[in-house]
Amino acid sequence: MLVRKRRSAWKVWPVLGSSFFIYPALAQTVNVPAGLPPTVNATYQEVGMGGWTPPTSSTTQQISGSGSVVSTTTSNGSGTDALQSMYSQSWGYAAAQNASALGVNPDALAATCVVESGCRNVYTANGSSSITGAFQMSNGTYNEALQKALASNPSLASSITNTGVSGQQDPATQAVAAAQYLKDAATTLQNAGISNPTALDARAYYNFGPTAGQAIARATDDTPMSEFVSASHMASNGISSNETVGQWRANVASKMGSAASSPILSS
């Protein structure tokens, strides 16, 4: 039996009196003479909270295979090193936005979380202490500060996960309470004669409470820390028995970096 073979042929299509061939498609390269278009800097806004725009600095992040941020590098001076550390966390921008809504400088908030936990959401509560989270707050202090913040700005309730004590393991929620506590510290220190309290000024208040915090903020550098803090609290916070206020300030400032001098209250 005779089997005919089909012939393949190019089709010719007439166009305006002429003709052209259809050729197989080839891979194409797109050239962008001026480079890729700039990234849009989005502005986020929560209902009733006013506008807040993330910083416009050029930031490069190194991402691991699991998707976590390994390192963050910023090309200009927009924001402090502590703030960039907080921004590298998934909850960092939300924490900064919540702080701003309370009138608290995000740099000062970031300085606090860097010293407390390296801005990591650590669980450290145990049978003798309820202190936990990125901002290392006890249940009592957290709950009191959170309720005060929500009373001051009710719209914050829509931006946090849980208004109860169980919500403090969420860093963005705990940041609301931490920001309020820093705001309370700033107000107390202003009443004590410190006109524009910084993150460093408020560190003792946050760490040792209002009474010791106010006294340490006003003390001279050569005053022993033991005059304000018990031996057990000094030991648990890595403060040597003969450490002076000036030495303690220097140690804290080295951890906070450039954020140490950041004012607590937004201008």
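- Looking only at atom types and distance, the side chain of Asn191 has no donor-acceptor partner in the side chain of Thr188 under 3.5 Å away.
- Asn207 and Asn237 share a donor-acceptor pair across their side chains, judged by distance under 3.5 Å alone.
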Problem - Test side-chain hydrogen bond (donor to acceptor under 3.5 Å, both in side chains) applied to Asp201 and Thr198, step by step - result: CA-CA 5 Å; Asp201 291 329; Thr198 65; 3.1 Å; yes
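- Gln169 and Thr132 are linked by a side-chain donor-acceptor pair at a separation below 3.5 angstrom, with hydrogens and angles left out of the test.
- For Phe208 and Phe228, the ring centers are positioned 6.0 Å apart or more.
- Classified by interplanar angle (parallel below 30°, tilted 30° to 60°, perpendicular above 60°), the ring pair Tyr181/Tyr205 is tilted.
- Looking at heavy atoms from C-beta onward, Ser195 lies out of side-chain contact with Gln190 at the 4.5 angstrom threshold.
- A heavy-atom distance below 4.5 Å is found between the side chains of Met86 and Leu83.
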Handout entry: salt bridge (Lys or Arg N to Asp or Glu O under 4.0 Å) between Lys255 and Glu116, worked out
Key = CA-CA 10 Å; Lys255 295 175 182 177; Glu116 290 291 347; over 6 Å; no
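- Checking side-chain atoms of Gln174 against main-chain N and O of Gly167 turns up no donor-acceptor pair under 3.5 Å.
- Side-chain atoms of Asn98 and Ser159 include a donor-acceptor pair closer than 3.5 Å.
- Side-chain atoms of Met225 and Ile216, non-hydrogen and from C-beta on, do get closer than 4.5 Å to each other.
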Practice task
Assess whether side-chain hydrogen bond (donor to acceptor under 3.5 Å, both in side chains) is satisfied between His233 and Ser230, documenting all intermediate values.
Solution key: CA-CA 5 Å; His233 277 105; Ser230 68; 2.8 Å; yes
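- Between the side chain of Thr124 and the backbone N or O of Ile131, at least one donor-acceptor pair lies under 3.5 Å.
- Residues Ser88 and Ser85 have side chains that never bring a donor and an acceptor to within less than 3.5 angstrom of each other.
- Arg249 has no carboxylate O lying under 4.0 Å from a charged side-chain N of Glu243, or vice versa, which leaves the two without a salt bridge.
- Within the structure, every pair that satisfies the disulfide bond (SG atoms under 2.5 Å apart) test and touches residues 106-198, not counting sequence neighbours, is listed here: Cys113-Cys119.
- Every residue two or more places apart in sequence or in another chain that forms a side-chain contact (heavy atoms from CB on, under 4.5 Å) with Ser262 is listed here: Thr80, Asn105, Asp107, Ala259.
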